[in-house]
K.L.:
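So that we are looking at the same thing, I have put the structure below in C-alpha cells.
It should be emphasised that the depicted structure is a prediction, and the values quoted were computed from it without experimental measurement. Quick note on labels: first sequence line is chain A, next is B, and so on, each numbered from 1.
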There are 2 protein chains.
Amino acid sequence: MATRNIKEVAQLARVSVGTVSNVLNRPEIVSPATRERVFEAIKKLGFVRNEVARHLRVGRSRTVGLVVLDVSNPFFVDVAQGAESVADDHDSMVVLCNSAGDTGRERRHLDQLEQQRVMGILITPVETESPWVEELIARGTPVVLVDSPATGLQCSVAVDDRLGGQIAGAHLIERGHRRIMFVGGPMSIKQVADRHAGVTSAVAAADGAVELLTSSAPTLTVAEGRAIGERVAAQPPDERPTAAFCANDMMALGFLQAMASHGLRVPEDLAIIGYDDIDFAAAAAVPLSSVRQPRELLGRTAIELLLEEVAEPEQHRHRQVIFQPDLVIRESSALRRDS
Amino acid sequence: MATRNIKEVAQLARVSVGTVSNVLNRPEIVSPATRERVFEAIKKLGFVRNEVARHLRVGRSRTVGLVVLDVSNPFFVDVAQGAESVADDHDSMVVLCNSAGDTGRERRHLDQLEQQRVMGILITPVETESPWVEELIARGTPVVLVDSPATGLQCSVAVDDRLGGQIAGAHLIERGHRRIMFVGGPMSIKQVADRHAGVTSAVAAADGAVELLTSSAPTLTVAEGRAIGERVAAQPPDERPTAAFCANDMMALGFLQAMASHGLRVPEDLAIIGYDDIDFAAAAAVPLSSVRQPRELLGRTAIELLLEEVAEPEQHRHRQVIFQPDLVIRESSALRRDS
DNA sequence: AGATTGTTTTGAATCGTCTCAAAGACTCGG
DNA sequence: CCGAGTCTTTGAGACGATTCAAAACAATCT
C-alpha cells in the first residue's frame, strides 16, 4: 500500500524529480553529494522503482515471452533455462508460457504478451502455419521461432530433425536390427514428421531388407509411449520389432516401462532409442540411448537472435540457425544383434 | 512499430478517447451503433490495448509471480500448472521464476517482480527466514508461501512433510525392513528436515530394533541420488540397508539407477521409496513407490489464497492450509521382507 | 413549448517515470 | 571582477489508457 514514488523521494532529498531519475539511470552525471542524499532518501522510504511507468515512458520492455508446447517435457524446461541465462546477463526477464499443444491457449498467451508490449517472443508454435504469429510480427513484435521452420518473416533456431532420425536409424541398422518400429505421434507436428522422414531414409539407404513399422499416438507423452509398448509386448516374439525409435524421450520412457513390466529385456529382447536426451533418459533404470539436441544452446541462441534484432532493427537480417543433433549411445541400444 | 493507440482509434471512429475506452471496458454502456464503429476502427488499425498504460492508470496488475526452487524438478512444474489453471480463469497470468536454490537469484527475481508491481507473489523460499520477503510484504506486495512455514505475515500452503516421512517409514517397517537409509540433503531445507523427522519418529515407534542410517547430499538431484546409490551398492550385502527412503523422487530415480547398474534388484535386494510422486516415478522401469503430494492442488490453493487477499484486503485474515500426503505403493517397495 | 428524466458522449485530469532544453552554480584565466 | 567554459540541477511535457463530472442529446409528459 505504501508504495512510494519518485516525487516523494525528491521531496525528502530536497532535489527535483529529474535529479532522482538521473540518480537511478545515470548516476555518474550527478554529484556525489546529492547522489548520496538521494540514495538515503530511497532507502529510508523503501522506494522501489515502478517499472510499469518507466516502460510506458521509454517504450521498451525488458521482458521476453517464451511460449512452449509442453512445460512438463523437461526438454522445454531446459530450453527455457538456456534462454533465461542469457536474459539474466541483459537484465531482462523471460516469462514462460505453456500452450500445451492447444491453439487456443497459444493465442491467449500471445495476446497477453502483446498487450504487455514485451520486447519480443520466442515460440514453438503448435501449428507450422500460424496467422496469429504473422499478424503479431506485422504489428511490430519481433518473433523468433524455436524448432520450427522459418517463413522468412523472422529468425529461427532449430535442430536438424531429419538428420537426427537418420542417425538413429543408421545406428539401429548398424547394430543389426532389421525390424524397426517408429513410435511417433501426429505427423502434423513437424518434428515428428522430420524424425520419421529421417529414419525412413536411413532404412532406404540400407542394403539389406530392413522393415520399418510406424505407430502413432495423439500426444507424445509417457502414457502414450507405454500404451504402444504394451501392444508391442503382447505380440508374438517373431512379429515384434527388435528395436523402437521413439519420437521423444517421454515416449521412450513409457515404452521402456511397458517392456519391463512384461518381462522383456532391454536391449536384449528389444532395443530402444529416444530423442532429446533429457536428463531423465540417462537416469532411467536402463539408461536410454537418445538423439541429443543442444537444449540450452537452442534457448540461448533464440534469445540472442531476438536481442540482436531489437538492438539494431534497421540493419537486422533474419537468420535461420540450424544445429546438428548428436547420438548418445547408452545401454538401451548397446547390444549388437545377430540377425 | 506501427503500434496504434486509443487516440488513433478514436479519430478513425469519430468519437472521443473516452468512448473508445468505454467500448473496451464496459461495452454495454455505449450505444450499439458507435460501439460497432469503434470495433471496426480497432480491427482496421490492428489496435492492441496497451496493458502497461492501463496498469499504470488503474494501479492493479494482472500478473502473479511464482518463484520456485528448481524448475527442472517436475514437482514444481506441476505446482505451476495448478496455479496457472486458476489464473487462466481470472484472466491473469503467472510468470514462473526459478531461484535454483540460490538466494541471489531469488532476490533478483523478487526485485524484478516488485518493480513490475505484480498483483502478488507465490514463493517457495530458499531459506525459511527471508528478510527480503518480509520487506516485500511490508511494502505492500501480498505473498503466499508455498511449502514453507508461515510466519503469520502471510498465507501459506504446505503438505505435512513430517507425516509424509512417517508414513513412508511405517510402510517400510511394516514390510519387514529393519535397516533403513534416509537419502537426503541439507537439513537447512525445511522439507528435508521434516521428512527426516517423520521417518525418525516412525522408527522410534517401532517395537523391534530398527536402524536408521542417514546420508546427505548437497542438492536433491538425480546425480546426487545416483552417487549415494553407488556407495551403497559397493557395501557388502550384510552392511547394506534393505530399504532407502529418498527425500524426493529425483534422488530416488538416481538411486534406482545405481542399483540397476550394479545388478542389485529392486525391491528384492533393496526397496526404494521416493517423495513427490512425480510422473516419472510411475514411469520408471521399476515403478517407484512414493509419498504423493497434491501438486496441482498446492499451486491452485496458493493462488486462490492470493486472489482472495487481493480482492478483499481489509477483511482478509491470513490462513495456513496444510494438506495430507498420501502413500503410493508401487513395485519398488512392494515386497514383504522376512527379516 | 418547457420541464423532467434518462441515455450517451465528451474531455480534462491522472497514474509514475523519463527526457531534454534551459537555467544555475562553479572554476579559472586574464 | 568579468566572461567563457564546465558541471549540475531543474521542471515542464510526453507516454497511453482510465475515470468521472459535466455537457449534449433524446424521449416522455404537462
K.L.:
Find the distance B:E8:CD to D:dC15:P and express it as a whole number of Å.
P.N.:
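It works out to 11 Å between those atoms.
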K.L.:
For A:H318, check ring-ring contact (aromatic ring centres under 6.0 Å, His included) against everything at least two apart and list the hits.
P.N.:
A:H316
K.L.:
Would you please confirm or rule out a distance under 4.0 Å between OP1 or OP2 of D:dT10 and any side-chain N or O of A:T19?
P.N.:
yes
K.L.:
Angle between the two end axes of the helix from C:dA1-D:dT30 to C:dG30-D:dC1, five base pairs per end, rounded to 10 degrees?
P.N.:
60°
K.L.:
Using residues 115-129 of chain B as the side-chain source, report each donor-acceptor pair under 3.5 Å to any protein atom, sequence neighbours left out, with the distance given to one decimal.
P.N.:
{"residue": "B:R117", "atom": "NH1", "partner": "A:V48", "partner atom": "O", "Å": "3.4"}
{"residue": "B:R117", "atom": "NH1", "partner": "A:R49", "partner atom": "O", "Å": "3.3"}
{"residue": "B:R117", "atom": "NH1", "partner": "B:E114", "partner atom": "O", "Å": "3.1"}
{"residue": "B:R117", "atom": "NH2", "partner": "A:V48", "partner atom": "O", "Å": "2.7"}
{"residue": "B:T124", "atom": "OG1", "partner": "B:V146", "partner atom": "O", "Å": "3.3"}

K.L.:
What is the distance, rounded to the nearest whole Å, between atom CD1 of B:I29 and atom C1' of D:dC20?
P.N.:
11 Å
K.L.:
With A:E308, which residues qualify under salt bridge (charged side-chain N to carboxylate O under 4.0 Å, His left out), at least two apart?
P.N.:
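Residues passing salt bridge (charged side-chain N to carboxylate O under 4.0 Å, His left out) with A:E308: A:R319.
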K.L.:
When we call it a touch if two heavy atoms are under 4.0 Å apart, what does A:V52 touch: a base, just sugar-phosphate, or nothing?
P.N.:
nothing
K.L.:
Taking only residues at least two apart or on different chains, which pairs with a member in residues 124-155 of chain A satisfy ring-ring contact (aromatic ring centres under 6.0 Å, His included)?
P.N.:
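Output for this query is empty, none listed.
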K.L.:
Treat primed atoms plus P, OP1 and OP2 as sugar-phosphate and everything else as base, then score nucleotides 21-28 of chain D 5' to 3': B for base contact with protein heavy atoms under 4.0 Å, S for sugar-phosphate contact only, - for none.
P.N.:
--------
K.L.:
The criterion is salt bridge (charged side-chain N to carboxylate O under 4.0 Å, His left out); which residues satisfy it with B:R105, sequence neighbours excluded?
P.N.:
A:E84, A:D88
K.L.:
Specify the separation, in whole Å, of atom CZ of B:R62 and atom P of D:dA17.
P.N.:
14 Å
K.L.:
Between A:Q293 and A:D276, do the side chains contain a donor N or O and an acceptor N or O under 3.5 Å apart?
P.N.:
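Yes, because at least one side-chain N or O of A:D276 sits under 3.5 Å from a partner of the opposite role on A:Q293.
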K.L.:
Using a cut-off of less than 4.0 Å, is there contact between a side-chain N or O of A:T34 and OP1 or OP2 of D:dT9?
P.N.:
yes
K.L.:
Please check the phosphate of C:dT7 (OP1 and OP2 only) for any side-chain N or O of B:S31 closer than 4.0 Å.
P.N.:
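Looking at the OP1 and OP2 atoms of C:dT7, neither is under 4.0 Å from any side-chain N or O of B:S31.
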K.L.:
Calculate the interatomic distance between B:H55 atom NE2 and C:dT14 atom P; express it in whole Å.
P.N.:
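Rounding to the nearest Å, NE2 of B:H55 and P of C:dT14 are 20 Å apart.
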K.L.:
Output all residues satisfying salt bridge (charged side-chain N to carboxylate O under 4.0 Å, His left out) with A:E8, sequence neighbours left out; order by chain, then residue number.
P.N.:
A:R4
K.L.:
Just list the side-chain donor-acceptor pairs under 3.5 Å for residues 57-69 of chain B, sequence neighbours left out, or say none.
P.N.:
{"residue": "B:S61", "atom": "OG", "partner": "B:T63", "partner atom": "N", "Å": "3.0"}

K.L.:
Figure out the CD/P separation between A:E114 and D:dG16, and round it to whole Å.
P.N.:
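To the nearest whole Å, that distance equals 15 Å.
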K.L.:
With B:E135, which residues qualify under salt bridge (charged side-chain N to carboxylate O under 4.0 Å, His left out), at least two apart?
P.N.:
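Partners of B:E135 under the salt bridge (charged side-chain N to carboxylate O under 4.0 Å, His left out) test: B:R139.
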K.L.:
Quick one: what's the B/S/- string for nucleotides 16-22 of chain C, heavy-atom cutoff under 4.0 Å, read 5' to 3'?
P.N.:
BBBB---
K.L.:
List in chain and number order the residues that pass side-chain hydrogen bond (donor to acceptor under 3.5 Å, both in side chains) with A:S16, two or more places apart in sequence or in another chain; answer none if no residue qualifies.
P.N.:
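Testing A:S16 for side-chain hydrogen bond (donor to acceptor under 3.5 Å, both in side chains), a comparison that skips the adjacent residues, returns A:T19.
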K.L.:
Hey, is the main chain of B:A13 close enough, under 3.5 Å, to the side chain of B:R37 for a donor-acceptor pair?
P.N.:
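Checking the backbone N and O of B:A13 against the side chain of B:R37, a donor-acceptor pair under 3.5 Å is found.
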